[in-house]
**Q** 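My questions will all concern the structure given below.
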Amino acid sequence: MSNGTREHWSGGLGFTLAAVGSAVGLGNMWRFSYMAAENGGGAFVFLYIVLTALVGLPVMLAELTLGRGSQKSPIQALVHYGGDAWRPLGALFVAAGFVILAYYSVISGWTVRYAVEAALTGFPQDAGAHFGAIASGYPAVAWHLVFMGLVSFVVSGGIASGIERVSVALMPLLGVLVLGLAAYVTTLDGAGEGYRYYLTTDFREVLDFGVLKDAAGQAFFSLSLGMGAILTYASYLGRDRNLPKEALLVAASDFGVAFIAGMVVFPLVFALGVQGDVSASTLGALFVTLPKAFAQMGGIGRVIGGLFMLALVVGALTSAISLLEVVVSSAIDGLGWARRSAAWVCGGAIALLGVPAGMSLDALGLMDQIGGNLLLVLGGLVLSLFVGWRLGERALEEGEVGGGNRAVLRLWLFMLRFVVPPVLLIVLWYSLKESAALVIKLFS
Ligand code: TRP
């Protein structure tokens, strides 16, 4: 079905802002702070930075190369370069998109609800009880469905007039919000303790494989890698773009927002003395501790908290859009569906799959471990082997189109061949072990 009429970004910053919109999301704030808290702060942040550069960047460029070169959605892109044998691995990407968006939308639903509550009623004093009441059950499912409706609506509008338009309008807003919040928290008494916790590295923990696994999974999740989201966005890209430059721009923006979000979250938490709650509920950390802090701040807390939640909603929306676009563009290319029906049918199916995550936090945590960690790491491994070994020199040629630097690309190919796969194999092993342990715990 793909032919000369494939949609394209309208140019300028359209693609870049959409890709940054995909990368910047709940991963940067909710997942990053919950992972950092669970893994002891600084050591995690340190490994996350290292893995973003050593593994994230090369895989991002691999996705950009496959997408732009083939001008096809993930399954067809693998088949285009590798032949039919690769089809099942492409299907794995689409499956990951299904699982991740299903629970991602539930969490997004919480943020929409908090944002609306901040505007209408403020943050309740008993944040823990409130979170317990809204995180699972029918109201959680209802907000999840509302959110999926919004996402499907934007995706049904297409690339330039749907996704690009929303990203160009909202991403600058998100940047301003996050920077403004970071500036505000520097004025709080006791913020220093938070910066210290966040930025101090205990190098003994860097050697822990559990921390390594979480840092790698987080790097993939946050950069939207390992399931063809960046690949899909790049498939709407013209041949005039410099791919290494785009990869660097997107990765740097994503890291910047994650880092600055940490400069908002940890000082807030420490300044208001609610740090004890972080380790008590890691998955809900952001949604319990921060609202508690906002409630204690009185009137200004409502404003600051409302803006924080608004930033979260913006990030969540532009990320969810990219997750759905992977599935939708696969249905358009592979099944010949029209965009509009693909958007609503796929969006509807994912909404259904999200119902269990909306009913139980255990189910949500399990989907995050399997979709958000295991499948992404596996996908990243497949991508690095595919581009590094199967495409090999051909990938260099595609990378040079649009002005990629030869020496940089050579280094990239070397990383894809010899550095990324062994690191990901180790990570995959630990991820498999933890996924198995979670499944056993949940079903026994
Ligand atoms: N990167 C987004 C975030 O940090 C989530 C996301 C969007 C994603 N698209 C993805 C994660 C594709 C993995 C794969 O919130």
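The analysis underlying the following values was restricted to heavy atoms, covering all of them including side chains, and did not include hydrogens, waters or symmetry mates. Atoms within a ligand are numbered from 1 in the order they appear, just like the ligands themselves.
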**Q** Taking C-beta and beyond as the side chain, do Met309 and Glu117 meet within less than 4.5 Å on heavy atoms?
**A**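 SC-SC contact between Met309 and Glu117 ruled out.
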**Q** Quick one: which ligand 1 atoms are inside 4.0 Å of a heavy atom on Leu26?
**A**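 This gives 15 (O) as the contact atoms.
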**Q** Within 45° of the six-membered ring axis of Phe15 and under 6.0 Å from that ring's centre, is NZ or CZ of Arg241 located there?
**A**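 Ring-cation test returns no.
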**Q** Phe32 vs Tyr198 aromatic rings, parallel, tilted or perpendicular, using cut-offs 30° and 60°?
**A**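 Geometry flag for Tyr198 against Phe32: perpendicular rings.
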**Q** Distance under 4.0 Å to a non-hydrogen atom of Ala229: what atoms of ligand 1 satisfy this?
**A**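 Here the atoms of ligand 1 in question are 12 (C).
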**Q** Do ligand 1 and Gly27 have nitrogen or oxygen atoms that lie under 3.5 Å from each other?
**A**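 N/O-N/O distance under 3.5 Å: yes.
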**Q** Around atom 15 (O) of ligand 1, find the nearest protein heavy atom and jot down its residue, atom name and distance.
**A**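 Heavy-atom neighbour on the protein nearest atom 15 (O) of ligand 1: Tyr104 OH, 2.5 Å.
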**Q** Who's the nearest protein heavy-atom neighbour of atom 2 (C) of ligand 1, and how far?
**A**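 Minimum-distance protein heavy atom for atom 2 (C) of ligand 1 reads Ser22 O, 3.1 Å.
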**Q** With heavy atoms of Ser222 as the reference, note each atom of ligand 1 found under 4.0 Å away.
**A**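 Answer, ordered by atom number: 1 (N), 4 (O).
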**Q** Within the structure, does Ala23 bring an N/O atom to less than 3.5 angstrom of an N/O atom in ligand 1?
**A**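 Yes, there is a polar N/O contact under 3.5 Å.
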**Q** Could you check whether atom CH2 of Trp429 has more than 12 heavy atoms from other residues, nucleotides or ligands sitting under 6.0 Å from it?
**A**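 No.
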**Q** Just do the side chain to side chain contact (heavy atoms under 4.5 Å, CB included) check on Leu26 and Thr111 with the steps written out, would you?
**A** CA-CA 9 Å; Leu26 295 174; Thr111 62; 3.9 Å; yes
**Q** Is the ring pair Trp110/Phe131 parallel, tilted or perpendicular, if the boundaries are 30 and 60 degrees?
**A**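 Plane angle over 60°, so perpendicular.
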**Q** For Gln71, which of Arg239, His8, Gln76 qualifies under side-chain hydrogen bond (donor to acceptor under 3.5 Å, both in side chains)?
**A**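 That would be His8; it is the only one of Arg239, His8, Gln76 passing the side-chain hydrogen bond (donor to acceptor under 3.5 Å, both in side chains) with Gln71.
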**Q** Is Lys441 salt-bridged to Asp362, going by a charged N under 4.0 Å from an acidic O?
**A**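 The answer is no: the pair does not qualify as a salt bridge.
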**Q** Report yes if Leu225 has an N/O atom closer than 3.5 Å to an N/O atom of ligand 1; otherwise report no.
**A**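 Looking only at distances, the answer is no, because the N/O contact criterion of under 3.5 Å is not met.
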**Q** Using a 4.0 Å cut-off to any heavy atom of Asn28, which atoms of ligand 1 qualify?
**A**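 Taking each heavy atom of Asn28 in turn, ligand 1 has 4 (O) under 4.0 Å.
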**Q** Counting from 1, what ligand 1 atoms have a heavy atom of Ser322 closer than 4.0 Å?
**A**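 Per the distance check, 7 (C), 9 (N).
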**Q** Phe418 vs Phe414 aromatic rings, parallel, tilted or perpendicular, using cut-offs 30° and 60°?
**A**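 Phe418 vs Phe414 ring planes: tilted.
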**Q** Starting from atom 11 (C) of ligand 1, what is the nearest protein heavy atom, named by residue and atom, and what distance separates them?
**A**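 Of every protein heavy atom, Phe221 O, 3.2 Å lies nearest to atom 11 (C) of ligand 1.
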**Q** For atom 6 (C) of ligand 1, what is the closest protein heavy atom, and at what distance to 0.1 Å?
**A**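 Answer for atom 6 (C) of ligand 1: Ser224 OG, 3.5 Å.
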**Q** Check Leu376 against ligand 1 and report side chain, backbone, both or neither, counting heavy atoms closer than 4.0 Å.
**A**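 For Leu376, the contact with ligand 1 is made by the side chain alone.
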**Q** Using a 4.0 Å cut-off to any heavy atom of Met227, which atoms of ligand 1 qualify?
**A**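 That gives atoms 12 (C), 14 (C) of ligand 1.
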